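For reference, the structure discussed in these notes is given below.
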Amino acid sequence: MATRTEVETRIAAINDNGNNTAKEVRDVLTSLLDYTENTDNGAQLPLFDLWDQNPVEDPKGTASLWYSFRGIEKTTVNFTFRLLIREASVTSFQFQPDPKIIETLTPLFQQYHNTVMSFAVPVTDIEKKTWRVWTLFFRLVENTLRISLRPNPFTTNEIIRAGDEVFTSIQFHCPPFNFDEKK
């Protein structure tokens, strides 16, 4: 691999009004791509990718959850999911995902016991092919993923119907904030 000095020398050798061949320019561009400071020197981030093509069911049979959790361990998670609501007017669900998911997510929430994170998400009415914005609450409690939905407080007569769904992707991380710091 080329070093920065080698790449800079090769770039400087290209003459503005010179007779540079395509091969010479290609060689410089290739060495630029191989430039050693552009590599991670073998460092690997502790990535994870947890998903299942089959849904996890709420024990009461009120919803199904297809999911994918991807991220950097102990740092950040992208949660892509489809929550299919099977029973009208039910807005709170519990899921028992793969224990590896709970193990991976717990360090993110460890310092904030019973932390609830909220996100604005689209709730789609499949029958009417319309959607409306609701708030989704996400938390981990005793190895259980709990998801609740609440309507936007500025709307009226919003209800959940059987067949409604949430299909979206959310990103979260929990840095070690110092909430107890005195000013």
Side-chain angles (χ1 to χ4, degrees), residues 1 36-127 129 131-152 158-181:
M1 278 192 197
T36 55
E37 287 181 30
N38 286 342
T39 68
D40 60 12
N41 294 323
Q44 294 291 318
L45 291 174
L47 303 176
F48 66 89
D49 183 4
L50 306 166
W51 76 282
D52 191 334
Q53 67 183 20
N54 300 310
V56 176
E57 301 295 330
D58 177 275
K60 296 177 184 172
T62 58
S64 299
L65 178 70
W66 288 261
Y67 63 83
S68 169
F69 288 93
R70 297 179 119 184
I72 302 170
E73 287 183 18
K74 300 179 183 174
T75 304
T76 185
V77 175
N78 181 66
F79 175 36
T80 300
F81 65 98
R82 177 183 183 222
L83 174 67
L84 175 61
I85 300 161
R86 299 198 180 278
E87 189 173 317
S89 301
V90 177
T91 58
S92 294
F93 313 98
Q94 295 185 38
F95 300 99
Q96 296 291 320
D98 184 313
K100 178 68 177 159
I101 291 170
I102 299 298
E103 177 186 324
T104 302
L105 296 180
T106 297
L108 292 171
F109 294 94
Q110 215 165 29
Q111 74 181 29
Y112 312 112
H113 298 290
N114 293 320
T115 296
V116 176
M117 298 188 90
S118 62
F119 305 89
V121 297
V123 174
T124 304
D125 181 331
I126 299 301
E127 185 178 302
K129 297 183 178 155
W131 59 274
R132 62 248 189 237
V133 176
W134 281 46
T135 302
L136 178 136
F137 298 91
F138 176 98
R139 68 184 181 146
L140 293 173
V141 178
E142 299 174 1
N143 298 327
T144 301
L145 172 60
R146 295 187 181 183
I147 295 175
S148 299
L149 291 168
R150 298 291 178 263
N152 183 328
E158 288 287 332
I159 61 169
I160 291 291
R161 295 174 188 83
D164 282 358
E165 72 175 18
V166 175
F167 182 49
T168 194
S169 198
I170 56 180
Q171 178 80 18
F172 53 87
H173 71 283
C174 293
F177 293 116
N178 183 0
F179 292 132
D180 297 327
E181 183 179 318

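We use all heavy atoms of the structure for the numbers below, so side chains are in, but hydrogens, waters and symmetry mates are not. FYI, the numbering just counts along the sequence from 1. Just so we're clear, the structure is a prediction, and the values are computed from it rather than from any experiment.
- With contacts defined as side-chain heavy-atom distances shorter than 4.5 Å, the pair Phe81/Ile170 qualifies.
- A 6.0 Å sphere centred on CZ of Phe137 holds more than 12 heavy atoms belonging to other residues, nucleotides or ligands.
- No side-chain N or O of Thr76 forms a donor-acceptor pair with one of Asn78 less than 3.5 Å apart.
- When all heavy atoms of Thr144 and Ile102 are compared, the pair lying nearest together is N-CD1, 4.4 Å.
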Practice prompt. Determine, step by step, whether Ser64 and Arg86 satisfy the side chain to side chain donor-acceptor pair (under 3.5 Å) criterion, reporting the C-alpha distance in whole Å, the side-chain angles of both residues, the deciding distance to 0.1 Å, and the verdict.
Written response: CA-CA 8 Å; Ser64 299; Arg86 299 198 180 278; 2.7 Å; yes
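- Not counting sequence neighbours, the partners of Arg161 by the salt bridge (charged side-chain N to carboxylate O under 4.0 Å, His left out) test are Asp125.
- Within the 4.5 Å cutoff, no side-chain heavy atoms of Thr124 are placed close to those of Asp164.
- Note: Gln96 CD to Glu142 CD = 10.0 Å, rounded to the nearest 0.5 Å.
- Here the side chains of Trp134 and Ile160 are in contact, with some heavy-atom distance below 4.5 Å.
- Taking CG from Leu50 and CD1 from Ile101, the interatomic distance works out to 5.0 Å, rounded to the nearest 0.5 Å.
- Here Phe138 and Phe79 bring their ring centres to under 6.0 angstrom of each other.
- Evaluation of the side-chain contact (heavy atoms from CB on, under 4.5 Å) rule for Glu103 yields Lys100 as partners, not counting sequence neighbours.
- Between the Thr75 side chain and the Glu73 main chain, a donor and an acceptor come within less than 3.5 Å of each other.
- Leu136 contributes atom CG, which lies 10.5 Å from atom OG1 of Thr91 (distance to the nearest 0.5 angstrom).
- Every ring-ring contact (aromatic ring centres under 6.0 Å, His included) that Tyr67 has, sequence neighbours left out, goes to Phe69.
- For Thr62, the side-chain contact (heavy atoms from CB on, under 4.5 Å) test picks out Asp58, Lys60, Glu87, Val90, Phe93, with sequence neighbours left out.
- Taking CG from Asn54 and CG from Leu65, the interatomic distance works out to 12.5 Å, rounded to the nearest 0.5 Å.
- Put simply, the side chain of Met117 does not reach to within 4.5 Å of the side chain of Arg139, judged on heavy atoms.
- Counted within 6.0 Å of CH2 on Trp131, heavy atoms from surrounding residues, nucleotides or ligands total 12 or fewer; the atom is thus considered open.
- Every residue meeting the side-chain contact (heavy atoms from CB on, under 4.5 Å) condition with Arg70, not counting sequence neighbours, appears here in chain and number order: Asp49, Ser68.
- Residues Leu105 and Val77 form a side-chain contact, since some pair of their non-hydrogen atoms from C-beta on lies under 4.5 Å apart.
- Side-chain contact check for Ile85 versus Glu165: every heavy-atom pair is 4.5 Å or farther apart.
- Rounded to the nearest 0.5 Å, atoms CZ (Arg82) and OG (Ser169) are 15.5 Å apart.
- With a 4.5 Å cut-off on side-chain heavy atoms, Leu84 and Pro55 do not count as touching.
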Discussion item. Side chain to side chain contact (heavy atoms under 4.5 Å, CB included), that's the test. Do Trp66 and Phe167 meet it? Break it down for me.
Written reply: CA-CA 9 Å; Trp66 288 261; Phe167 182 49; over 6 Å; no
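- Taking the ring-ring contact (aromatic ring centres under 6.0 Å, His included) definition, one finds that Phe48 meets it with nothing, sequence neighbours left out.
- By the 4.5 Å heavy-atom criterion applied to side chains, Leu149 and Thr135 are not counted as neighbours.
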